[in-house]
Structures are given as C-alpha cells and as structure tokens.
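Some notes on the structure that comes next.
All values derive from a computational prediction rather than experimental measurement. Residues take their numbers from the sequence shown, with the count starting at 1.
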Amino acid sequence: MIVLVYAASFRLITLNRPFQYDSEATGGAFFGIMARNYLRFPMRETHGMPVVTVGRIAGVPLVFYADHPPLIPLLIAPVYYVFGVGEWQTRLPTSIATILAIGVLYFLVKRFGNERAALLAATFFAASPMVLYFGGQPEVLGMPLVLFGLMTVLAYLRFHCERTPLNFAWLIGAFTLAALSDWPAFILVPV
C-alpha cells in the first residue's frame with residue numbers, strides 16, 4: 001500500500017507540469033491534439049482514426065495518423081470531454097495506468113512468486129527513474145502498453161493454470177487492449 005501511495009503522490013505532484021520542449025512533452029502534446037480532435041471531428045468522418053489536422057480548412061481533407069494504434073488519444077478524449085483540455089487532463093490516463101501497472105505487477109509476482117518478491121518488484125518498478133520521469137507521459141510506448149502487457153501476461157498465466165472460457169476471455173481482452181496501445185504488444189504472441 002505504501003508503494004502505491006508513493007507512486008500516486010509522485011504522479012499527483014507532476015500531473016500539471018506544463019508541456020515544454022522536452023522528451024516528455026513532445027509526444028504528449030501531439031497525442032493531446034489527436035485526443036482533442038476526437039471531440040472536434042465527428043466519428044462518421046474519422047472512423048475512429050486519430051486526426052492530426054489542427055483545424056478545419058475548407059476543401060482540405062483531414063490528415064490521419066496511422067503510425068500507431070489509437071488507444072492513447074482515445075483514453076485522453078473522454079477526460080478532455082469531462083474536464084476540458086490541459087496538461088493534467090492529458091497526463092491523467094497515463095498516470096492512472098502507471099499506478100495500476102504497479103498494482104498488477106505486485107499481484108502477478110505475488111500470485112506466481114511470493115509476497116516479498118512482489119513487494120520488491122513493485123517498489124523497484126515504482127521508484128525507477130524511467131517510471132518516475134515517463135510515468136505520466138501520454139505516449140504509445142508508455143505506461144498503458146506496460147499495464148496492458150502485464151495484464152496479458154497475468155491473464156495468460158491464469159489461463160495456462162485453468163483453461164476456462166472466462167480465463168480465455170480475460171486473455172483476449174487484455175491482449176486486445178495491449179495491441180490497441182502499440183505494436184510491441186505483438187511480441188507477447190510468440191512468447
């Protein structure tokens with residue numbers, strides 16, 4: 001519990017940091033634009049694809065972003081809808097994913113290891129410089145991918161131990177979320 005409070009406190013302190021020209025903000029602002037565009041352009045025009053066009057210009061078609069799956073801007077868009085557009089709103093889904101990833105890692109290691117190993121894994125993960133610096137970065141190769149990757153591994157191990165339709169559904173659901181986060185999720189298939 002202390003590890004989760006520590007991680008949540010750190011995420012809260014850094015949540016509203018202004019986007020500046022640095023590695024953390026370069027992708028975040030970009031995915032924020034695509035999230036905002038989900039609210040600007042109707043689905044019948046975008047078909048769920050992220051749009052990078054900044055504004056509507058008569059006679060100019062929308063420019064779609066097909067380099068990565070759409071989950072990150074899709075996670076940010078409802079937060080924008082409810083709370084408006086801003087730095088903390090852009091970072092909120094990824095920050096929540098970071099805290100959940102710590103919890104899933106703990107549960108995964110505890111279930112298939114032991115309590116001490118789980119606590120150490122969660123602590124080292126939560127305190128690692130990469131998680132501290134990039135844990136709120138709204139980016140496809142960020143914490144949502146890690147979270148859903150960990151959930152996929154957990155679901156696979158559950159399915160491996162007990163082959164039920166429900167466990168298989170959890171596996172497919174977790175993997176689908178990982179795949180919608182970014183392409184490296186597909187590394188889990190052969191593994």
Side-chain angles (χ1 to χ4, degrees), residues 1-20 22-32 35-36 69 71-159 161 167 170-171 173-182 184-185 188:
M1 185 65 166
I2 293 172
V3 176
L4 290 177
V5 170
Y6 163 77
S9 299
F10 190 87
R11 293 278 48 98
L12 188 61
I13 290 168
T14 60
L15 192 63
N16 202 27
R17 189 172 70 87
F19 284 124
Q20 298 174 356
D22 63 5
S23 57
E24 192 268 345
T26 305
F30 179 64
F31 285 98
R36 185 192 61 206
L71 187 64
I72 301 307
L74 283 172
L75 290 173
I76 299 168
V79 177
Y80 281 1
Y81 181 78
V82 173
F83 298 109
V85 176
E87 282 88 355
W88 74 266
Q89 295 91 329
T90 307
R91 288 186 178 92
L92 184 63
T94 306
S95 296
I96 291 170
T98 300
I99 296 162
L100 291 174
I102 295 165
V104 171
L105 178 64
Y106 173 83
F107 184 73
L108 176 67
V109 176
K110 183 180 177 187
R111 176 136 191 237
F112 296 99
N114 61 49
E115 175 83 28
R116 182 173 183 212
L119 185 58
L120 287 172
T123 302
F124 290 145
F125 181 76
S128 72
M130 292 299 283
V131 171
L132 292 174
Y133 188 74
F134 293 110
Q137 181 179 11
E139 171 66 50
V140 291
L141 289 169
M143 282 300 142
L145 176 64
V146 172
L147 169 64
F148 298 130
L150 286 169
M151 288 174 62
T152 300
V153 171
L154 178 61
Y156 172 76
L157 291 173
R158 283 181 60 184
F159 177 70
C161 291
N167 284 344
W170 278 107
L171 173 59
F175 178 73
T176 300
L177 289 171
L180 286 172
S181 296
D182 203 14
L188 293 171

* **Greater than 12 external heavy atoms within 6.0 Å of W170's CH2** => no
* Smallest separation among heavy atoms of A178 and L145, with atom names -> O-CD1, 3.8 Å
* Structure fact -> Residues P69 and V140: closest non-hydrogen pair is O-CG1, 4.3 Å
* Asked: Sub-3.5 Å donor-acceptor pair from the side chain of D182 to the main-chain atoms of P184, do we have one?
  -> no
* To do: Under the side chain to side chain contact (heavy atoms under 4.5 Å, CB included) rule, what do T14 and Y133 come out as? Steps first, then yes or no, please.
  => CA-CA 9 Å; T14 60; Y133 188 74; over 6 Å; no
* **Atom pair CG/CG of N167 and L154 - distance to nearest 0.5 Å** => 9.5 Å
* Mind running side chain to side chain contact (heavy atoms under 4.5 Å, CB included) on R111 and R158 for me, showing each step along the way? => CA-CA 10 Å; R111 176 136 191 237; R158 283 181 60 184; 2.7 Å; yes
* Asked: Is it the case that more than 12 heavy atoms not belonging to F112 sit under 6.0 Å from its CZ atom?
  -> yes
* Structure fact -> Rounding to 0.5 Å, atoms OG (S181) and CG (L141) come to a distance of 10.0 Å
* Structure fact -> For A7 and A126, the nearest pair of non-hydrogen atoms, with its separation, is CB-CB, 4.4 Å
* **Heavy-atom pair of closest approach, residues G136 and S95** => CA-OG, 3.7 Å
* Are any side-chain N or O atoms of Q89 and backbone N or O atoms of F83, one a donor and one an acceptor, separated by less than 3.5 Å? -> yes
* **side chain to side chain contact (heavy atoms under 4.5 Å, CB included) assessment of V79 paired with L75** => CA-CA 7 Å; V79 177; L75 290 173; over 6 Å; no
* By side chain to side chain donor-acceptor pair (under 3.5 Å), which residues pair with Y156, not counting sequence neighbours? -> none
* Structure fact -> Heavy atoms of A155 and L171 approach each other most closely as CB-CA, 3.5 Å
* Asked: Between Y106 and E115, does a side chain to side chain contact (heavy atoms under 4.5 Å, CB included) hold up when you go through it step by step?
  -> CA-CA 8 Å; Y106 173 83; E115 175 83 28; 2.4 Å; yes
* Structure fact -> Between the CD1 atom in I102 and the CZ atom in F124, the distance rounded to the nearest 0.5 Å is 13.5 Å
* To do: State, with a plain yes or no, whether a side-chain heavy atom of E139 is found less than 4.5 Å away from one of F134.
  => no
* For G86, does its backbone N or O pair with a side-chain atom of R91 as donor and acceptor, under 3.5 Å? -> no
* **Closest contact, heavy atoms only, I76 versus P138** => CD1-CB, 3.8 Å
* Measuring from T98:OG1 to F10:CZ, what's the distance to the nearest 0.5 Å? -> 10.5 Å
* To do: Check whether any side-chain heavy atom of R11 sits under 4.5 Å from a side-chain heavy atom of L15, and report yes or no.
  => no
* Asked: Would you say the side chains of Y80 and T90 form a donor-acceptor pair under 3.5 Å?
  -> yes
* Please check if the side chain of T152 supplies one atom and the backbone of A174 the other of a donor-acceptor pair under 3.5 Å. => yes
* Approximate separation, where rounding is to 0.5 Å, of S9 OG and L4 CG -> 10.5 Å
* Drop me the distance from F31's CZ to L71's CG, to the nearest 0.5 angstrom. => 10.5 Å
* Given side chains that start at C-beta, do those of T176 and L180 come closer than 4.5 Å, heavy atoms only? -> yes
